[in-house]
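Reading through the structure tokens given below for one structure.
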Amino acid sequence: MANITQILGTDSVSSSRVVINDNFTAINSDLADIASLLNVANQSIALSGSAAFGSVNVAAGKVVISNTALTSAVPTTINAKFTLGAASILSVKSIATGDLPAASAFVHSIYKIDGAGVSSVNLNVGEHGQEIVLLAENANVTVSVTNIAGVTALTIGANGSVSLKFAGTKWFITGSYGATIA
């Protein structure tokens, strides 16, 4: 922070000229320090130490970080170990009518299918590495097997489930409860 020398009311302008020049030099030095961190033309800031914020909002709400949450509205890649220190909450999509998402459009982790309204669903391809769970409630649900590796028939019984992972070009069943798999 610039060390500014105060000019007193009893000082004359001519005798304060050196003080005024020293004050401007101190301010210019501090501005140069700030300019080395802040690039106005590129709208960027470069810090080598830490920064403290009450909250951070990136790209008009695409990524928001506060003292209570981190929310990302864009696909996020983590290239290092990721440790959850608390519960993992997965998104659930209820399907009472219609079908499962189109190819590579699975945006939820769990799909709860109401077998009373939807007796069969088409399981389209997913994205490499994706995991989903299909739950059937109220009645059996038949799942198309075209995109499931090594399966010729799949029916999830009422209140049953199937866990799947997508790799390469197929879904692989990794677990099931109350399902008939052939």
Side-chain angles (χ1 to χ4, degrees), residues 39 42-47 50-182:
N39 184 328
N42 292 334
Q43 296 182 354
S44 63
I45 187 168
L47 301 174
S50 63
F53 301 96
S55 67
V56 177
N57 187 330
V58 180
K62 295 295 184 184
V63 177
V64 178
I65 305 168
S66 72
N67 65 339
T68 58
L70 182 146
T71 304
S72 174
V74 294
T76 304
T77 300
I78 298 170
N79 291 321
K81 182 175 151 181
F82 183 72
T83 302
L84 292 175
S88 171
I89 309 296
L90 303 175
S91 62
V92 178
K93 171 71 174 172
S94 293
I95 300 174
T97 60
D99 208 345
L100 290 171
S104 300
F106 290 88
V107 295
H108 299 283
S109 299
I110 301 170
Y111 291 87
K112 186 170 70 167
I113 307 159
D114 185 348
V118 180
S119 61
S120 66
V121 292
N122 293 306
L123 181 60
N124 294 300
V125 296
E127 293 185 46
H128 189 72
Q130 186 170 22
E131 298 179 46
I132 63 170
V133 176
L134 303 179
L135 307 173
E137 66 177 356
N138 298 322
N140 294 353
V141 175
T142 301
V143 180
S144 67
V145 295
T146 305
N147 296 310
I148 303 176
V151 176
T152 58
L154 172 58
T155 301
I156 306 170
N159 301 315
S161 64
V162 174
S163 298
L164 302 125
K165 290 185 182 181
F166 194 84
T169 61
K170 297 282 185 183
W171 289 103
F172 291 83
I173 296 176
T174 58
S176 67
Y177 171 78
T180 303
I181 303 168

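Put simply, the side chain of I95 does not reach to within 4.5 Å of the side chain of V121, judged on heavy atoms. Within the 4.5 Å cutoff, side-chain heavy atoms of V63 are placed close to those of V74. Counting heavy atoms from C-beta outward, I113 and V143 have side chains that stay 4.5 Å or more apart. Side-chain contact between K170 and I148 is absent, with no heavy atoms from C-beta onward closer than 4.5 Å.
Counting non-hydrogen atoms of other residues, nucleotides and ligands closer than 6.0 Å to NZ of K93 gives a total of 12 or fewer.
Rounded to the nearest 0.5 angstrom, L135 CG and D114 CG are separated by 12.0 Å. One finds the OG1 atom of T155 at 6.5 Å from the CG atom of N140 (value rounded to the nearest 0.5 Å). Atom-to-atom distance recorded for N124:CG and F166:CZ is 10.0 Å, nearest 0.5 angstrom. Between S91 atom OG and I110 atom CD1 the span is 7.5 Å, to the nearest 0.5 Å. We find the OG-CD distance between S104 and E127 to be 5.5 Å, quoted to the nearest 0.5 Å. Here the straight-line distance linking atom CG of L134 with atom CG of L123 works out to 6.0 Å at 0.5 Å rounding.
Under the 3.5 Å distance criterion, with hydrogens and angles disregarded, a donor-acceptor pair is assigned to the side chains of S66 and T68.
Of all the heavy atoms in A96 and V118, the pair that sits closest is O-CG2, 3.3 Å. Residue G115 comes nearest to V141 through the heavy atom pair CA-CG2, 3.7 Å, listed as atom of the first residue, atom of the second, then distance. Shown here for N122 and S144, the closest heavy-atom pair between the two residues is CA-OG, 3.2 Å. Nearest heavy atom pair, residue S161 against residue A179, reads O-CB, 4.2 Å.
H128 places a side-chain N or O within 3.5 Å of a backbone atom of G168 that can act as its donor or acceptor partner.
Scored by the ring pair (Phe, Tyr, Trp, His ring centres under 6.0 Å) test, F106 finds Y111, W171 as partners (sequence neighbours excluded).
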